[in-house]
> 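The structure follows.
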Number of protein chains: 2
Amino acid sequence: MKQKSAPKIIDVARVAGVSTATVSRALSKPESVAKSTREAVLAAAAATGYRINVAARNLRSRRTGAVVVLVPNLGNPFFSQILAGIEATLSSKGLSILMVDTMQSGTRLDFIREYVHPSRADGVIVLDGSLPQDLLRPGGENGKQVPVVFACEWHPHEDFPSVRADNGQGARLAIEHLAALGHEKIGYVNGPEANVLSQFRLNATKKALADLGKTVNEHWFLKGDFTLQSGVLAARKWLDMTDRPTALLCANDETAIGLISELHQCGVHVPDELSVVGFDDVDIAQHYIPALTTVWQPRFELGTTVAQMLVDGISQGDLNPDAPVMTLPVKLKVRKSTAAPKPVASKTTAATTAA
Amino acid sequence: MKQKSAPKIIDVARVAGVSTATVSRALSKPESVAKSTREAVLAAAAATGYRINVAARNLRSRRTGAVVVLVPNLGNPFFSQILAGIEATLSSKGLSILMVDTMQSGTRLDFIREYVHPSRADGVIVLDGSLPQDLLRPGGENGKQVPVVFACEWHPHEDFPSVRADNGQGARLAIEHLAALGHEKIGYVNGPEANVLSQFRLNATKKALADLGKTVNEHWFLKGDFTLQSGVLAARKWLDMTDRPTALLCANDETAIGLISELHQCGVHVPDELSVVGFDDVDIAQHYIPALTTVWQPRFELGTTVAQMLVDGISQGDLNPDAPVMTLPVKLKVRKSTAAPKPVASKTTAATTAA
DNA sequence: ACGCTATATGTAATCGATTACAATTGCAAT
DNA sequence: ATTGCAATTGTAATCGATTACATATAGCGT
């Protein structure tokens with residue numbers, strides 16, 4: 001009795017004694033058919049084991065039910081929680097996620113370009129602020145545009161809608177915290193220079209320092225690239241300095257952890273000899289030793305928010321024209337990696353004991 | 001001159017002065033058309049800005065060009081590197097990734113079921129060993145099956161092809177290392193009981209202890225669930241013990257880190273008072289303080305391997321019938337969280353100095 | 001010169017749903 | 001009773017590519 005090939009809509013129609021149009025309606029807009037018919041169709045669908053052919057529906061209805069997510073680096077745990085938020089929202093709307101790692105696929109931009117197209121996806125979420133922008137506006141002015149929204153990162157000179165954390169406020173809170181502890185010599189370990197977040201956090205840091213009347217010493221501003229290793233290198237540079245800052249804000253938690261671990265290797269204790277602040281509040285941060293003082297970002301919420309923004313844009317047929325930029329609040333989590341600076345050596349020396 | 005709607009294959013055909021069949025062939029199997037025609041078609045495609053309609057191709061060719069990846073928890077960084085490996089391999093084959101978080105979508109199994117279907121995906125990669133198996137064999141014996149492969153985790157009583165790390169060897173190496181350091185009282189902090197990895201590592205741990213003639217004391221075997229918090233709880237349980245183990249192997253790095261951080265809070269020093277071994281070697285592990293001794297898993301390679309296995313299965317039209325289980329080797333990374341046990345207090349006390 | 005094969009291309013059916021439009025029915029208002 | 005409207009359902013065109021099959025052309029051996 002079993003059919004060789006998968007049941008199609010016409011098989012269901014036959015069993016239910018209705019037309020294919022009715023089956024289609026009963027399944028996709030149940031309220032548009034009579035109750036009795038709906039039940040008959042549902043029963044027939046169950047009886048035949050019918051499963052819709054997604055390609056056929058997509059072709060005819062000119063939708064895809066999918067959203068492309070362009071992630072800079074899937075291996076980076078920072079993005080995984082944002083992805084989780086995106087997934088939660090999109091799956092609740094019946095949309096699926098096409099994931100593309102722009103690092104991996106980076107050698108062939110054409111590969112990515114293929115995804116930014118109405119026949120592929122109903123929308124695009126970009127977590128990578130450094131993609132060439134022409135890639136996101138395919139076909140210039142003509143043809144249908146796929147709605148594009150940014151999360152976390154963004155294009156500095158473009159006006160795509162975006163959701164981001166309040167990076168400026170985060171840097172300011174961190175600097176104010178260090179200043180309140182009594183630090184006068186405060187530095188910063190940057191992320192990649194090409195990255196908007198790095199630059200934004202860097203500028204906000206300098207602004208906050210200036211506003212507080214603190215020295216902005218370029219020697220205390222170190223390069224980095226968001227990796228653990230760049231924290232290690234920053235530690236070595238700090239060790240080599242003659243006039244060292246007493247506190248360092250890092251562009252992210254990885255950098256802060258690499259920094260602290262290398263200092264530990266070299267017998268330098270945090271926060272006694274240097275206060276360190278991270279950025280992001282990854283899960284490990286509060287379980288690091290010392291527990292990391294850091295700027296918390298609502299990562300899961302960033303994901304749900306950007307997904308919702310895109311869903312709204314898709315259903316409106318177009319994105320909100322005034323290119324909204326949503327900025328979500330951050331929080332400073334004060335833990336154990338920051339403390340008042342050590343009293344200057346030339347004065348009275350009451351040796352501080354380490355735990 | 002610009003057309004309102006996106007150019008279709010027939011527009012390209014007109015410009016190139018050939019039929020749609022020829023255009024299709026020129027684009028998908030270039031070697032099957034004459035060189036001159038191919039060039040004309042490519043030029044016409046470029047001139048019109050033609051982009052293929054994926055839904056149409058999928059419908060006709062009965063393929064999807066997509067692979068579904070079922071991830072237990074996207075927010076867990078452990079999976080992100082495996083995903084990166086999967087992405088690298090699949091994207092190089094022109095396949096896209098449909099990502100589904102089985103935790104998020106877990107409330108509705110039907111939602112997941114929808115993805116395990118030939119019209120959705122050409123294959124499925126499962127990273128979650130606890131999914132109901134009927135979900136992965138839709139339609140019982142009839143109908144086309146979608147190839148399914150497992151990575152990391154697997155179904156204990158099923159014979160799907162799978163790729164996994166050598167968890168048994170990992171546990172054995174860890175126990176042998178602790179034994180070699182002189183530990184006699186060795187415990188284990190488990191992951192979720194329902195998880196195959198937890199159980200596998202647990203059993204291998206017990207076996208290794210028995211083989212080495214060490215005590216297997218059930219009081220030293222603690223429950224856990226792979227989270228940082230479960231490490232914290234394990235630490236408290238350890239503190240409450242009267243007869244404490246001198247070394248603990250943890251089911252994963254998160255647990256180990258939670259454990260160490262809580263002990264640190266309580267003034268207990270690792271490894272002086274307790275040796276701790278993790279499992280997985282997440283990026284942070286070597287930058288933790290103390291640097292974590294742990295079992296390294298080839299996570300990226302797990303991803304590339306399982307993806308390759310699936311790709312082979314798809315192209316063969318069927319998966320290797322003898323349900324191959326590939327086991328990738330692990331390595332023990334000895335760092336600073338393990339040391340010889342403290343000499344018994346009643347004996348001579350030569351206080352060991354900590355770095 | 002003839003037939004045969006190999007190569008290249010064209011014609012049109014096909015994949016399986018959605019949906020515009022038409023048709024039917026029931027019911028209320030006139 | 002007749003008309004009008006709303007609610008259901010059916011008929012058939014349609015989405016845009018792929019591909020089985022048919023056809024045309026060229027090269028080759030005898």
Side-chain angles (χ1 to χ4, degrees), chain A residues 3-42 44-45 48-66 94 114 117-120 122 143-144, chain B residues 3-42 44-45 48-66 94 114 117-120 122 143-144:
Chain A
Q3 298 178 287
K4 287 286 167 57
S5 64
K8 315 173 207 294
I9 203 170
I10 194 170
D11 299 314
V12 179
R14 244 189 299 267
V15 171
V18 296
S19 74
T20 60
T22 301
V23 174
S24 174
R25 284 188 281 251
L27 295 175
S28 55
K29 332 188 197 95
E31 74 286 358
S32 71
V33 303
K35 184 155 175 264
S36 58
T37 329
R38 190 189 321 145
E39 283 162 0
V41 170
L42 260 45
T48 53
Y50 171 73
R51 314 290 302 281
I52 196 172
N53 183 309
V54 180
R57 175 180 51 190
N58 290 352
L59 173 57
R60 178 59 228 242
S61 59
R62 299 155 158 285
R63 295 181 330 100
T64 69
E114 214 176 79
H117 190 255
S119 92
R120 270 286 187 165
D122 297 338
K144 256 207 209 135
Chain B
Q3 299 177 284
K4 288 281 165 59
S5 64
K8 317 176 209 294
I9 202 170
I10 194 170
D11 300 314
V12 179
R14 245 188 299 267
V15 172
V18 296
S19 73
T20 60
T22 301
V23 174
S24 174
R25 284 188 282 251
L27 295 176
S28 55
K29 330 189 198 95
E31 74 285 0
S32 72
V33 304
K35 185 157 174 261
S36 59
T37 329
R38 190 189 320 147
E39 284 162 359
V41 170
L42 261 45
T48 52
Y50 171 73
R51 313 291 303 281
I52 197 171
N53 181 308
V54 180
R57 176 180 51 190
N58 290 352
L59 174 57
R60 178 60 227 242
S61 59
R62 299 155 156 287
R63 296 181 331 100
T64 69
E114 214 175 78
H117 189 256
S119 91
R120 270 284 186 167
D122 297 339
K144 254 204 210 141

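In what follows, chains carry the letters A, B, and so on, assigned in the order in which the sequence lines appear, proteins first and then strands, with residues in each chain numbered from 1. The structure displayed is predicted, hence computed values, not measured ones. Computed over heavy atoms, backbone and side chain alike; hydrogens, waters and symmetry mates excluded.
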> Here's a test of your reading of the structure: between B/A56 and B/T22, which maps to the more 5' nucleotide of DNA chain D?
B/A56
> Can you tell me the distance, in whole Å, between the CD1 atom of A/I9 and the P atom of C/dG16?
12 Å
> Of the non-hydrogen atoms in A/A26 and A/L42, which two are nearest, and what is the gap between them?
O-CD1, 4.5 Å
> Determine the contact category for A/V18: base if any of its heavy atoms lies under 4.0 Å from a base atom, sugar-phosphate if only primed atoms, P, OP1 or OP2 are that close, otherwise nothing.
sugar-phosphate
> Could you pull out the protein-nucleic contacts involving nucleotides 23-28 of chain D (nitrogen or oxygen on both sides, under 3.5 Å)?
none

> What residues in residues 30-40 of chain A put a non-hydrogen atom under 4.0 Å from any atom of DNA chain C?
none
> Figure out the CG/C1' separation between B/N58 and C/dC15, and round it to whole Å.
11 Å
> Just so I know, are the side chains of A/V41 and A/V33 near enough to count as touching, which here means a heavy-atom distance under 4.5 Å?
no
> Check this one for me: any side-chain N or O of B/Y50 less than 4.0 Å away from OP1 or OP2 of D/dG16?
no
> Quick check: closest heavy atoms across A/I52 and B/S119, and the distance to 0.1 Å?
O-OG, 3.2 Å
> Between P on D/dA17 and CZ on B/R63, what's the gap in Å once rounded to a whole number?
15 Å
> Using every non-hydrogen atom in the two residues, find where B/D122 and B/G65 come nearest and quote the distance to one decimal.
OD2-N, 2.9 Å
> Of the non-hydrogen atoms in A/R57 and B/R120, which two are nearest, and what is the gap between them?
NH2-NH2, 4.4 Å
> Please state how far atom CZ in A/R120 lies from atom C1' in D/dA17, giving the value in whole angstrom units.
14 Å
> Check B/D11 with B/K8, please: is the shortest side-chain N to carboxylate O separation under 4.0 Å?
no
> Is it the case that D/dG10 (base atoms only) and A/R25 (side chain only) share a donor and an acceptor within less than 3.5 Å, ignoring hydrogens and angles?
yes
> If you take all heavy atoms of B/A40 and B/A16, which pair is closest and at what distance?
O-CB, 3.9 Å
> Could you state the atom-to-atom distance from CD1 of A/I10 to C1' of D/dA13 in whole Å?
15 Å
> Among D/dC15, C/dA17, D/dA17, find the nucleotide with the atom closest to the side chain of B/K8.
D/dA17
> Rounded to whole Å, how long is the line connecting atom CZ of B/R62 with atom P of C/dT14?
13 Å
> Rounded off to whole Å, could you give me the CD1-to-P distance for the B/I52 and D/dC15 pair?
17 Å
> Using only modelled atom types and a 3.5 angstrom limit, is any donor from either the side chain of A/R60 or the base of D/dT14 paired with an acceptor on the other?
yes
> Evaluate the side-chain proximity of B/R25 to B/R38: yes if any heavy-atom separation is below 4.5 Å, no if none is.
no
> What is the distance from CG of A/L59 to P of D/dA17, rounded to the nearest Å?
9 Å
> Indicate whether OP1 or OP2 belonging to D/dC15 is found under 4.0 Å from a side-chain N or O atom of A/R57.
no
> Is the side chain of B/T64 donor-acceptor paired with the backbone N or O of B/N58 at a distance under 3.5 Å, no angle test?
no
> Can any side-chain N or O of B/T20 pair as donor or acceptor with the backbone N or O of B/I10 at less than 3.5 Å?
no
> Look at the side-chain N and O atoms of B/S24 and state whether any lies under 4.0 Å from the OP1 or OP2 oxygen of D/dA17.
no
> Between C/dT9, C/dT18, C/dA12, which one does the side chain of B/T20 approach most closely?
C/dA12
